[in-house]
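To keep things clear, I will list the structure first and then write my remarks on it.
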Amino acid sequence: MAEDEAVDPIPPEFPTARVKKIMKLDKDINKVNSEALFLVSCSTNLFLRFLAERTAQVAAEKKKKTVKLDHLRTAIKRHRPTSDFLLDSLPIPAESTQSVARSATDRDRSRPVADKSAPAGTRRIDHFFRKPENEAPIQINDA
């Protein structure tokens with residue numbers, strides 16, 4: 001490839017501002033390079049495609065047309081590197097038909113995954129996406 005050829009950049013599929021915000025949640029990161037931001041965004045895209053393909057395979061093996069949480073859990077369990085860090089973040093699998101009959105108070109008590117404390121120096125991903133209760137909405141001006 002010659003140096004004078006213009007290469008069209010590939011736009012990332014995830015919003016770069018959101019990816020940058022997630023990366024900056026780490027206290028060790030002060031600035032994020034645009035190349036690093038691009039690579040993390042592309043890596044995330046590849047990881048999610050991989051996970052979706054594996055989950056679809058599990059659903060197809062079970063002759064189901066709808067992908068469910070149990071299919072995702074099975075796909076994660078089959079891939080050891082993924083299961084090491086991701087399995088604890090998934091909700092606990094639903095019980096059989098008894099879960100439908102449980103009352104609302106029982107559902108409120110059965111939240112061990114969300115209440116599980118993260119290892120020292122880390123935060124759970126669902127805390128990032130949780131809406132702050134006492135904070136005003138953030139205004140973003142695209143100029």
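Because the structure is predicted, anything quoted here is derived from the model rather than measured.
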Original post:
Shortest non-hydrogen contact from Lys62 to Thr74?
Top reply: NZ-OG1, 4.0 Å
Original post:
Of all heavy-atom pairs between Ala56 and Val67, which one has the smallest distance, and what is that distance?
Top reply: CA-CG2, 4.4 Å
Original post:
Is there side-chain contact between Val19 and Ile22, with at least one heavy-atom pair below 4.5 Å?
Top reply: no
Subject >> Any Leu72 side-chain heavy atom under 4.5 Å of Arg54 side chain >> reply: no
Rounded to the nearest 0.5 Å, how far apart are [atom1] of [X] and [atom2] of [Y]?
| X | Y | atom1 | atom2 | answer |
| --- | --- | --- | --- | --- |
| Lys20 | Ile29 | NZ | CD1 | 11.5 Å |
| Thr82 | Ile76 | OG1 | CD1 | 7.0 Å |
| Leu90 | Lys77 | CG | NZ | 9.5 Å |

**OP:** In sequence, state the C-alpha distance, the side-chain angles, and the governing distance for Arg78 and Val58, and then conclude on side-chain contact (heavy atoms from CB on, under 4.5 Å).
**Re:** CA-CA 10 Å; Arg78 288 181 184 175; Val58 171; 3.6 Å; yes
Distance-only donor-acceptor hits, side chain of residues 38-52, under 3.5 Å, sequence neighbours excluded:
unit_1: Ser43; atom_1: OG; unit_2: Leu39; atom_2: O; d: 2.7
unit_1: Thr44; atom_1: OG1; unit_2: Val40; atom_2: O; d: 2.7
unit_1: Asn45; atom_1: ND2; unit_2: Glu13; atom_2: OE2; d: 3.0
unit_1: Arg49; atom_1: NH2; unit_2: Glu13; atom_2: OE2; d: 3.0

**OP:** Could you pull out all residues at least two apart from Ser83 that satisfy side-chain hydrogen bond (donor to acceptor under 3.5 Å, both in side chains)?
**Re:** none
Show which side-chain atoms of residues 30-37 pair as donor or acceptor with protein atoms under 3.5 Å away, not counting sequence neighbours.
unit_1: Asn33; atom_1: OD1; unit_2: Glu35; atom_2: N; d: 3.3
unit_1: Asn33; atom_1: ND2; unit_2: Glu35; atom_2: OE1; d: 3.2

